[in-house]
Amino acid sequence: MKIIQITDNHLVAPGDLLDGLNPIESLDACIEAVNSHQSDAAFCVFSGDISNNGAADTYRAFRQSADKLNLKYYVMMGNHDDRDVFCENLPQAQRDSYGFIQQVIKTDLGHFLLLDTIAVGQSWGEYCEMRGQWLKEQLHDADGQPVYIFMHHPPFDIGMASMDRLKVVDTTHFEAAIAGFTNIRHIFLGHVHRTISGNWRNISYSVLPGTNHQIAFNLDVFSPVPHALDPPAYGMILIEKDQLTVHPHFYSLNNDLPIPDNAVWVDKTKTT
Ligand SMILES: [Fe+2]
């Protein structure tokens, strides 16, 4: 199964720039790239910071762009998003039984849990007792099937001072919810605007760049968060029963050299 992750779009009012870039054009370029190569994916997850300021016009602009995707898509909250405005403007937003924007996507290869890690009015993340209760319920419901977690804020340090202070700062309820479950295969993250992968307590994780600006590769600046103009990427993720592979694709670089005329291509009509 192939899925797509797109993160940290940071849309501003149509025509406005952010870090000298146009976030709507940046998102459109990403969607065009995904449509060109990944239309066979099962679905796409936008993992938060869809808007830079939580304004309604940014979510309307997002819908205009995202609706061009040839894929079913799901939306998550980031710290720059506003929960109420998000829900009013994005029909894909789903509240859980406690009112948070959390949902489960059930597939033949396991359950994908999309978490809401927002601390209202803050840039850091939080995961409260009610959200932890929901997570625990979903983990029980998965009944041993593989579980893949998407969350905007990392629940652990990733080695960058400016972002480590903006993780989920109190993981008590997150850790209590996942305690004893050994079927969590991977955590997909946003928020950090960089390409990072690793392993936390035997769970692999990955972080992707955003579609507009990035965060500078500077481990020691504590505040403010240093921005950078590194290239944007989306994530193409291949999932099998015994393997998960994340391909971050820096679509804006367009560095492909010409493919020779005598190249041999995969025959996609063949099933093995
Ligand atoms: Fe962000």
Side-chain angles (χ1 to χ4, degrees), residues 1-12 17-52 61-62 65-66 68-71 73-81 112 114 148-154 158-160 162-163 166 186-199 204-219 225-239 243-257:
M1 178 171 64
K2 176 194 282 190
I3 66 170
I4 302 297
Q5 181 186 3
I6 301 175
T7 197
D8 291 271
N9 318 114
H10 286 263
L11 298 196
V12 292
L17 302 182
L18 181 62
D19 286 339
L21 304 171
N22 182 320
I24 297 175
E25 287 179 6
S26 304
L27 174 61
D28 281 339
C30 179
I31 285 168
E32 198 179 319
V34 172
N35 280 344
S36 298
H37 300 287
Q38 316 298 351
S39 292
D40 56 341
F43 58 83
C44 173
V45 176
F46 287 91
S47 49
D49 281 358
I50 282 174
S51 172
N52 190 58
F62 171 78
S65 295
K68 292 181 210 149
L69 255 186
N70 294 335
L71 303 173
Y73 68 88
Y74 299 88
V75 292
M76 289 170 55
M77 294 272 299
N79 48 294
H80 283 263
D81 292 307
F112 293 77
L114 279 46
Y148 309 89
I149 290 178
F150 279 83
M151 54 201 299
H152 184 75
H153 297 82
I158 43 85
M160 296 172 67
S162 64
M163 296 310 288
L166 301 180
H186 193 85
I187 302 177
F188 298 97
L189 299 161
H191 193 48
V192 189
H193 295 235
R194 293 204 61 82
T195 311
I196 302 166
S197 60
N199 190 292
S204 58
Y205 65 86
S206 54
V207 188
L208 290 169
T211 56
N212 195 64
H213 58 283
Q214 312 307 335
I215 291 174
F217 188 41
N218 184 320
L219 307 185
V225 174
H227 284 201
L229 297 177
D230 294 336
Y234 68 81
M236 187 275 280
I237 298 132
L238 299 174
I239 302 178
Q243 188 175 6
L244 185 149
T245 307
V246 180
H247 293 257
H249 179 53
F250 297 88
Y251 52 89
S252 65
L253 295 180
N254 197 19
N255 281 341
D256 291 358
L257 298 175

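- Side-chain N or O atoms of His152 include one that pairs as donor or acceptor with a backbone N or O of Ser47 at under 3.5 Å.
- Of all non-hydrogen atoms in Leu219 and Gly159, the two that sit nearest each other are CD2-O, 3.3 Å.
- Using a 4.5 Å heavy-atom cutoff, the side chains of Leu71 and Phe43 are not in contact.
- The SG atom of Cys30 sits 11.5 Å away from the CG atom of Asn212 when rounded to the nearest 0.5 Å.
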Would Lys2 and Met236 satisfy side-chain contact (heavy atoms from CB on, under 4.5 Å), going step by step from the backbone distance to the final call? CA-CA 7 Å; Lys2 176 194 282 190; Met236 187 275 280; 3.9 Å; yes

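- No hydrogens or angles considered: nothing links the side chains of Tyr251 and Glu32 as a donor-acceptor pair under 3.5 Å.
- Each of Gln214, Arg194, His213 was checked for a side-chain hydrogen bond (donor to acceptor under 3.5 Å, both in side chains) with Asp230, and the lone residue meeting it is Arg194.
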Check the pair Phe46, Leu69 against side-chain contact (heavy atoms from CB on, under 4.5 Å), reporting the backbone distance first and the verdict last. CA-CA 12 Å; Phe46 287 91; Leu69 255 186; 3.9 Å; yes

Run the side-chain contact (heavy atoms from CB on, under 4.5 Å) check on Ile149 and Leu114 step by step: do they pass? CA-CA 6 Å; Ile149 290 178; Leu114 279 46; over 6 Å; no

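- Pairing each heavy atom of Leu189 with each of Gln5, the nearest pair is O-NE2, 3.1 Å.
- In this structure, Asn9 contributes its side chain and Leu11 its backbone to no donor-acceptor pair below 3.5 Å.
- Shown here for Thr7 and Gly190, the closest heavy-atom pair between the two residues is OG1-CA, 3.5 Å.
- Residues Val34 and Ile6 approach most closely at CG2-CD1, 4.2 Å, considering heavy atoms.
- Distance alone, capped at 3.5 Å, is enough to place a donor-acceptor pair between the His80 side chain and the Asn52 backbone.
- Looking at Ser51 and Asp81, their side chains never bring a donor and an acceptor atom within 3.5 Å of each other.
- When all heavy atoms of Lys68 and Asn35 are compared, the closest pair comes out as O-ND2, 2.9 Å.
- With contacts defined as side-chain heavy-atom distances shorter than 4.5 Å, the pair Tyr148/Phe188 qualifies.
- In this structure Asp256 satisfies the salt bridge (Lys or Arg N to Asp or Glu O under 4.0 Å) test with no other residue, sequence neighbours excluded.
- You'll find the side chain of Pro154 reaches within 4.5 Å of the side chain of Val192, heavy atoms only.
- Side-chain polar atoms of His191 and Asp8 form no donor-acceptor pair below 3.5 angstrom.
- Closest heavy-atom contact between Thr195 and Pro209: OG1-CG, 3.3 Å.
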I'd like to know whether Leu208 forms a side-chain contact (heavy atoms from CB on, under 4.5 Å) with Tyr234, so could you lay out the CA-CA distance, the side-chain angles of the two residues, the decisive distance to 0.1 Å, and finally the verdict. CA-CA 7 Å; Leu208 290 169; Tyr234 68 81; 5.9 Å; no

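- Atom CE of residue Met1 and atom CG of residue Leu238 lie 10.0 Å apart, to the nearest 0.5 angstrom.
- Here Met76 contributes atom CE and Met151 contributes atom CE; the two are 8.0 Å apart, rounded to the nearest 0.5 Å.
- The distance from the OG atom of Ser65 to the CG atom of Asp28 is 3.5 Å, given to the nearest 0.5 Å.
- There is a side-chain donor-acceptor pair under 3.5 Å between His10 and Asp49.
- Here the CG atom belonging to Leu21 is positioned 10.0 Å from the OG atom belonging to Ser252, to the nearest 0.5 angstrom.
- Screening Ile239, Ile237, Asn199, Leu244 for a side chain to side chain contact (heavy atoms under 4.5 Å, CB included) involving His186 leaves a single residue, Leu244.
- Atoms CD1 and NE2, from Ile4 and His247 in turn, are 10.5 Å apart once rounded to the nearest 0.5 Å.
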